[in-house]
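Down below is the structure, laid out as structure tokens.
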Amino acid sequence: MYLDTNEYSVLSEEHKREVDYKVQKLLDEAYTRAEKLLKAKKKELDRLADCLVEFETLNRDEIHLAVAGRKNEITKTRAASAEKEAAAIKARKPASPAPAATAVV
């Protein structure tokens, strides 16, 4: 049920208390669930935070690796990607042009 300000203002004090109580109950339950979830997943969240501090950004696969505690695989994957990219750039780089011939007159 949704009540805008005008609808809420016409409620009796008893109904306002009931609405306020139910809203507060929902908020308290949601807070408790969130707190339990965060506590239950603390190790995973700490691993993720550690990887974010080190790498700053993570893609989807790296997030899964970080949460699983496989930070070393992220490092290896990134090193391999960097090497592959460097090789591709080197392969595209044109050879140095031959020095221009000088004419003697």
Side-chain angles (χ1 to χ4, degrees):
M1 169 168 54
Y2 170 78
L3 296 174
D4 66 21
T5 308
N6 293 331
E7 292 171 322
Y8 184 80
S9 65
V10 297
L11 292 176
S12 70
E13 288 304 312
E14 182 181 343
H15 281 111
K16 285 180 184 178
R17 277 192 300 277
E18 185 178 345
V19 168
D20 291 345
Y21 171 78
K22 288 182 178 181
V23 167
Q24 188 61 50
K25 184 178 175 186
L26 288 170
L27 290 171
D28 290 343
E29 289 170 356
Y31 180 88
T32 301
R33 281 195 317 268
E35 187 176 38
K36 284 180 183 176
L37 181 61
L38 290 170
K39 285 180 180 178
K41 300 293 183 180
K42 184 173 182 349
K43 285 182 184 176
E44 291 89 344
L45 290 170
D46 287 343
R47 291 179 195 142
L48 179 60
D50 181 50
C51 287
L52 285 168
V53 166
E54 182 171 337
F55 301 112
E56 294 184 13
T57 60
L58 299 171
N59 65 32
R60 181 181 51 113
D61 293 334
E62 291 171 338
I63 290 170
H64 289 290
L65 290 170
V67 169
R70 294 161 52 193
K71 181 174 153 181
N72 60 334
E73 290 182 44
I74 298 170
T75 304
K76 289 177 186 176
T77 303
R78 286 189 172 203
S81 293
E83 288 175 13
K84 196 174 189 181
E85 188 175 327
I89 290 170
K90 189 175 182 180
R92 287 192 307 251
K93 191 175 184 181
S96 299
T102 56
V104 179
V105 183

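Using modelled atom types and a 3.5 Å distance limit, the side chains of Q24 and D28 yield a donor-acceptor pair.
Side-chain contact check for E44 versus L48: every heavy-atom pair is 4.5 Å or farther apart. For the pair R78/F55, a side-chain contact is recorded, criterion being any heavy-atom separation below 4.5 Å from C-beta on. Considering only heavy atoms from C-beta on, K25 comes within 4.5 Å of E29 through its side chain.
In this structure, the side chain of E54 does not engage the main chain of C51 through any donor-acceptor pair within 3.5 Å. Without hydrogens or angle criteria, R47 side chain to A66 main chain gives no donor-acceptor distance under 3.5 Å.
L45 and L52 fall into different hydrophobic clusters, where Ile, Leu, Val, Met, Phe, Trp and Tyr are joined by side-chain heavy atoms under 4.5 Å apart, directly or via other members. Under the 4.5 Å side-chain heavy-atom criterion for ILVMFWY residues, a single connected hydrophobic cluster contains both V19 and L27.
Residue E35 qualifies as enclosed at atom CD: its count of foreign heavy atoms under 6.0 Å is above 12. Counted within 6.0 Å of NZ on K41, heavy atoms from surrounding residues, nucleotides or ligands total 12 or fewer; the atom is thus considered open.
A distance of 12.0 Å separates NZ of K22 from CG of D20, quoted to the nearest 0.5 Å. Here the straight-line distance linking atom CG of L58 with atom CG of L65 works out to 9.5 Å at 0.5 Å rounding. Of the inter-residue distances, the one linking L37 atom CG with T32 atom OG1 reads 12.5 Å to the nearest 0.5 angstrom. Atom-to-atom distance recorded for I63:CD1 and T57:OG1 is 9.5 Å, nearest 0.5 angstrom. For the atom pair CG (N59) and NE2 (H64), the distance works out to 9.5 Å, reported to the nearest 0.5 Å. Rounded to the nearest 0.5 angstrom, T77 OG1 and D61 CG are separated by 9.0 Å.
A salt bridge does not link K76 with E73: none of the charged nitrogens is closer than 4.0 Å to a carboxylate oxygen.
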